[in-house]
Amino acid sequence: EQSADEIGELAKSFNHMAEKLEQVENERQAQEQKRDEFLANISHELRTPLTSMQGFLEALQDGLVKDEESKRRYYDVMYRETMHLNRLVDDMMDLIKLEKGDIKLEPYHVQVGEIIEKVVFLQEAKAEERHNEIHVDYPDDLPALWADPVRLEQIFNNLLGNAIKFTENGTIRITIRSNHQSIIVSITDTGIGIPSHDLPKIWDRFFKVNRMRSKKEGGTGLGLAIVKELVELHGGTIEVQSEVGKGTTFTVTFPLRRAKA
Ligand code: ADP
């Protein structure tokens, strides 16, 4: 004879299973929706430069553009649009691979200071163009980080690139410090800042506070989404603090002790 207790237990576990199933189904639907949105965004992002190029090409083809000066301007725009398309495709491929787990890290013992120095060197000219000063500060006894140097460079290139892009006549300060558990890199600029209601959205794909400005500076709106994925792939975290008109700080924290796969 089965006790009421046992039946009660059975009913409970069935309920539990049904709940789990529903949860899995909800997650699947949410993921599908996210993918559909991404695809819709992709086609919009690709179509915009293509439509613009088509218009300029047709004008040239129809002989509507007479003087050399205007022609050159048209070619310039079309050239910039193709560059933008290239960047879009590169960034999209990166992001898709990251999400599929197709990007494998190739970690070494890395001196984060060296990576930062290299990234600063590469972007110094761009910073000067906008009259920005870059200061780097870190102690010389920083422990090595077990990380993929190519990906670290990509992360900091993106963050420093943004800091320069959104700052003029300002200062960008990069500091690296470490406690026993982690290495912490912060990049602070004195630029335009990000409105607080937009802060949670900056990690979203294709999100830009100001579309025109981002595009003019060659942005795809995918940079931070990629950065976040890459940081998390290293087991790290990234945070942002910002105030409009004052500036922005991105803080990246990497754990020091990682299993050496
Ligand atoms: P984008 O290609 O437009 O730079 P990102 O994903 O790198 O795309 O950044 C998303 C948006 O976040 C940017 O368009 C910009 O509005 C905002 N943003 C990122 N970094 C900064 C910064 N340092 N200062 C101000 N705004 C920033």
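Please read these numbers as outputs of a predicted model, since none were measured by experiment. As the structure lists them, so they are numbered: ligands from 1, and atoms in each ligand from 1.
Ile174 and Leu122 end up in different hydrophobic clusters when Ile, Leu, Val, Met, Phe, Trp and Tyr side chains are linked at under 4.5 Å.
Partner Gln29 forms a side chain to side chain donor-acceptor pair (under 3.5 Å) with one of Gln33, Gln31, Glu27, Glu25 and no other, that one being Glu25.
Contacts with ligand 1 closer than 4.0 Å are made by no heavy atom of Thr167, backbone or side chain.
Counting the atoms of ligand 1 from 1 in the order shown, those under 4.0 Å from a heavy atom of Thr220 are 2 (O). Ligand-side atoms of ligand 1 in range of Lys208: 3 (O), 14 (O), range being under 4.0 angstrom from any heavy atom. Ligand 1 places these atoms under 4.0 Å from at least one heavy atom of Lys165: 1 (P), 2 (O), 4 (O). Residue contact check: Ile194 has heavy atoms under 4.0 Å from atoms 18 (N), 25 (C), 26 (N), 27 (C) of ligand 1. The Val209 neighbourhood of ligand 1 comprises atoms 14 (O), 16 (O), with distances under 4.0 Å to a heavy atom of that residue. Distances below 4.0 Å separate heavy atoms of Phe207 from the following atoms of ligand 1: 10 (C), 11 (C). For ligand 1, the atoms lying closer than 4.0 Å to a non-hydrogen atom of Gly221 are 1 (P), 2 (O), 3 (O), 6 (O), 8 (O).
Within 6.0 Å of NZ on Lys201 lie more than 12 heavy atoms contributed by other residues, nucleotides or ligands. Around CD of Gln241, the count of heavy atoms belonging to other residues, nucleotides or ligands within 6.0 Å does not exceed 12. Within 6.0 Å of atom NZ in Lys126, more than 12 heavy atoms from other residues, nucleotides or ligands are found, so the atom counts as buried in its surroundings.
By the 3.5 Å distance cut-off applied to N or O atoms, Ser214 is counted among the residues near ligand 1. In terms of N/O distances under 3.5 Å, ligand 1 is not approached by Asn158. Looking at ligand 1, you won't find any N or O of Gly193 less than 3.5 Å from one of its N or O atoms.
Inspection of the Asn15 and Lys12 side chains reveals no N or O donor paired with an N or O acceptor under 3.5 Å.
Counting protein heavy atoms only, atom 7 (O) of ligand 1 is closest to Asn162 ND2, 2.9 Å. With respect to atom 6 (O) of ligand 1, the closest heavy atom belonging to the protein is Leu224 N, 2.9 Å. Protein heavy atom nearest atom 23 (N) of ligand 1, with residue, atom name and distance: Asp189 OD2, 2.8 Å. Given atom 15 (C) of ligand 1, the protein heavy atom at minimum distance is Phe166 CZ, 3.4 Å. Among all protein heavy atoms, the one lying closest to atom 12 (O) of ligand 1 is Ile202 CG2, 3.7 Å.
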What's the verdict on salt bridge (Lys or Arg N to Asp or Glu O under 4.0 Å) for Lys71 and Glu68, showing C-alpha distance, side-chain angles and the deciding distance? CA-CA 5 Å; Lys71 271 186 200 164; Glu68 287 305 310; 3.6 Å; yes
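Geometrically, Arg205 engages Phe38 in a cation-pi contact defined by less than 6.0 Å to the ring centre and at most 45° from the axis.
In terms of modelled atom types and a separation under 3.5 Å, the side chain of Arg130 and the main chain of Lys165 share a donor-acceptor contact. Side chain of Thr167 to main chain of Gly170: no donor-acceptor pair is present (N/O by atom type, distance under 3.5 Å, no hydrogens or angles).
The shell of residues lying under 4.0 angstrom from ligand 1, judged by heavy atoms, includes Phe250.
Between Ile176 and Ile116 the shortest side-chain heavy-atom distance falls below 4.5 Å.
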